[in-house]
Student: 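Let me give you the structure first, and then I'll get to my questions.
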Amino acid sequence: MLDAKVTELLNTQVNKEFYSAYLYLDFANYYTEQGLDGFANWYNVQAQEERDHAMLMMKYLQNNGCKVTLEAIDKPGQTYASFSDPLKAGYEHEQYVTGLIHTIYAAANDVKDFRTMQFLDWFVKEQGEEETNAENLIKKYELFGSDPRALYMLDGELAARTYAAPSLVL
């Protein structure tokens, strides 16, 4: 059995990961409405990743004899005034999620739960990649977004992104 606090934090994180998927689907919907299908694809793939993160955490809890508690998922409430708004919100959200993962890791460390720390190592690395990807997308948009032809090419680049499920062994 896992420590009660670690279990609670992991359960909360399951909900946060599902919320992340909802948030990215909201971004994808916005970009679809704006005719930027590549940006929409990028965030649809991102939503799949977040859903799988939640599923991995659920499976980890289940494999450790813990009850998984699914809560209601909040509706994203953002409004977007420009194409860059979701990009910036996505980057801020990834920084927030990184903080949540670090909090779980610290709680596991406090009780010397090395198995959970090892499980979370992948998420710590993944969050570093998520923040870098989000920041790079902002940089590309800032470089090219004001030129319609360059924006078209960037949209095409983002349309090529495909999903690869994580290969984390539980």
Side-chain angles (χ1 to χ4, degrees), residues 10-61 68 70-102 104-105 119-170:
L10 284 167
N11 261 303
T12 299
Q13 191 61 31
V14 167
N15 184 269
K16 299 291 186 182
E17 296 292 337
F18 280 128
Y19 173 78
S20 296
Y22 265 38
L23 179 64
Y24 293 144
L25 288 173
D26 190 53
F27 293 175
N29 285 334
Y30 167 76
Y31 284 121
T32 297
E33 291 168 359
Q34 302 305 313
L36 292 170
D37 294 336
F39 282 79
N41 175 67
W42 201 90
Y43 279 110
N44 278 323
V45 169
Q46 200 63 29
Q48 288 177 297
E49 284 189 9
E50 303 304 339
R51 181 192 56 88
D52 278 356
H53 294 170
M55 299 300 288
L56 286 167
M57 289 185 182
M58 285 177 57
K59 191 59 156 170
Y60 181 77
L61 286 164
V68 174
L70 298 175
E71 301 291 340
I73 301 169
D74 292 335
K75 176 183 173 184
Q78 287 78 4
T79 56
Y80 314 111
S82 73
F83 295 154
S84 67
D85 285 354
L87 304 179
K88 291 174 183 173
Y91 179 56
E92 289 171 9
H93 184 74
E94 288 300 341
Q95 291 174 315
Y96 168 70
V97 172
T98 297
L100 295 171
I101 298 294
H102 290 176
I104 303 168
Y105 199 100
F119 169 71
L120 292 171
D121 282 342
W122 182 87
F123 288 94
V124 170
K125 180 178 179 276
E126 176 71 7
Q127 281 309 122
E129 292 172 9
E130 298 283 12
E131 285 187 32
T132 298
N133 290 340
E135 186 176 29
N136 287 343
L137 191 51
I138 291 169
K139 287 177 183 176
K140 285 181 180 183
Y141 179 79
E142 288 175 350
L143 282 171
F144 307 118
S146 61
D147 175 16
R149 287 177 291 198
L151 180 61
Y152 179 79
M153 291 177 66
L154 179 56
D155 191 56
E157 176 186 321
L158 298 177
R161 183 180 188 202
T162 59
Y163 180 67
S167 59
L168 181 63
V169 178
L170 302 178

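Only this structure's heavy atoms are used, side chains among them; waters, hydrogens and symmetry mates stay out.
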Student: Please report, to 0.1 Å, the donor-acceptor pairs under 3.5 Å made by any side chain of residues 156-163, with sequence neighbours excluded.
Tutor:
| from | atom 1 | to | atom 2 | distance (Å) |
| --- | --- | --- | --- | --- |
| Glu157 | OE2 | Lys140 | NZ | 2.5 |
| Arg161 | NH1 | Trp42 | O | 2.9 |
| Arg161 | NH1 | Gln46 | OE1 | 3.0 |
| Arg161 | NH2 | Gln46 | OE1 | 3.0 |
| Arg161 | NH2 | Glu49 | OE2 | 3.1 |
| Tyr163 | OH | Asp52 | OD2 | 2.1 |

Student: For the atom pair OG1 (Thr132) and CD (Glu94), what is the distance rounded to the nearest 0.5 Å?
Tutor: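 Reported to 0.5 Å precision, the distance equals 10.5 Å.
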Student: One pair to check against side chain to side chain contact (heavy atoms under 4.5 Å, CB included): Phe18 and Met55. What are the steps and the verdict?
Tutor: CA-CA 9 Å; Phe18 280 128; Met55 299 300 288; 3.9 Å; yes
Student: If we ignore angles and hydrogens, is there a donor and acceptor under 3.5 Å between the side chains of Gln127 and Glu131?
Tutor: no
Student: Return yes if a side-chain donor-acceptor contact under 3.5 Å exists between Tyr91 and Gln95, otherwise no.
Tutor: yes
Student: Report the residues that fulfil salt bridge (charged side-chain N to carboxylate O under 4.0 Å, His left out) with Lys125, sequence neighbours left out, ordered by chain and then residue number.
Tutor: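 Lys125: salt bridge (charged side-chain N to carboxylate O under 4.0 Å, His left out) contacts with Glu129.
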Student: Less than 3.5 Å apart, any donor N or O on the side chain of Asn29 or Thr32 sitting next to an acceptor on the other?
Tutor: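 Per modelled atom types, Asn29 and Thr32 side chains form no pair under 3.5 Å.
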Student: Who passes side chain to side chain donor-acceptor pair (under 3.5 Å) against Asp121, sequence neighbours left out?
Tutor: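 Tyr105.
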Student: Do you know the tightest heavy-atom contact between Asn44 and Leu25?
Tutor: OD1-CD2, 3.4 Å
Student: Test of understanding: with ring-ring contact (aromatic ring centres under 6.0 Å, His included), list the residues that count as partners of Phe27, not counting sequence neighbours.
Tutor: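 Per chain and number, Phe27 pairs via ring-ring contact (aromatic ring centres under 6.0 Å, His included) with Tyr24, Tyr43, Tyr80.
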Student: Go through the structure and list residues passing side chain to side chain donor-acceptor pair (under 3.5 Å) with Thr12, not counting sequence neighbours.
Tutor: none
Student: Assess the residue pair His93 and Glu50 against the criterion (side chain to side chain contact (heavy atoms under 4.5 Å, CB included)); give the C-alpha distance rounded to whole Å, side-chain angles, the decisive distance to 0.1 Å, and a yes or no.
Tutor: CA-CA 12 Å; His93 184 74; Glu50 303 304 339; over 6 Å; no
Student: Are Tyr60 and Val14 side-chain neighbours, meaning at least one heavy-atom pair lies under 4.5 Å?
Tutor: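 No, side chains not in contact.
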Student: What's the verdict on side chain to side chain contact (heavy atoms under 4.5 Å, CB included) for Tyr30 and Asp85, showing C-alpha distance, side-chain angles and the deciding distance?
Tutor: CA-CA 10 Å; Tyr30 167 76; Asp85 285 354; over 6 Å; no
Student: Can you pull the side-chain hydrogen bond (donor to acceptor under 3.5 Å, both in side chains) pairs that have at least one residue in residues 144-155, sequence neighbours excluded?
Tutor: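 Sorted pair list comes back empty.
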Student: Would you please test Ile104 and Gln13 for side chain to side chain contact (heavy atoms under 4.5 Å, CB included) and show each step?
Tutor: CA-CA 9 Å; Ile104 303 168; Gln13 191 61 31; 3.6 Å; yes
Student: Which pair of heavy atoms, one from Asn15 and one from Glu71, lies closest together, and at what distance?
Tutor: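 Nearest heavy atoms, Asn15 then Glu71: ND2-O, 3.2 Å.
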Student: Enter the distance from Glu142:CD to Lys88:NZ here, rounded to the nearest 0.5 Å.
Tutor: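 The distance works out to 5.5 Å.
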Student: Using 0.5 Å steps for rounding, measure from the NZ atom of Lys59 to the CZ atom of Phe119.
Tutor: 12.0 Å
Student: Nearest heavy-atom pair of Ser82 and Pro86: which atoms, and what distance?
Tutor: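 Heavy-atom minimum between the residues: O-CD, 3.6 Å.
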Student: Let me confirm one number: the CD1-CG distance from Ile73 to Leu23, rounded to the nearest 0.5 Å.
Tutor: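 Going from the CD1 atom of Ile73 to the CG atom of Leu23 covers 12.0 Å.
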Student: Using 0.5 Å steps for rounding, measure from the CG atom of Leu10 to the CD atom of Glu17.
Tutor: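 Going from the CG atom of Leu10 to the CD atom of Glu17 covers 10.5 Å.
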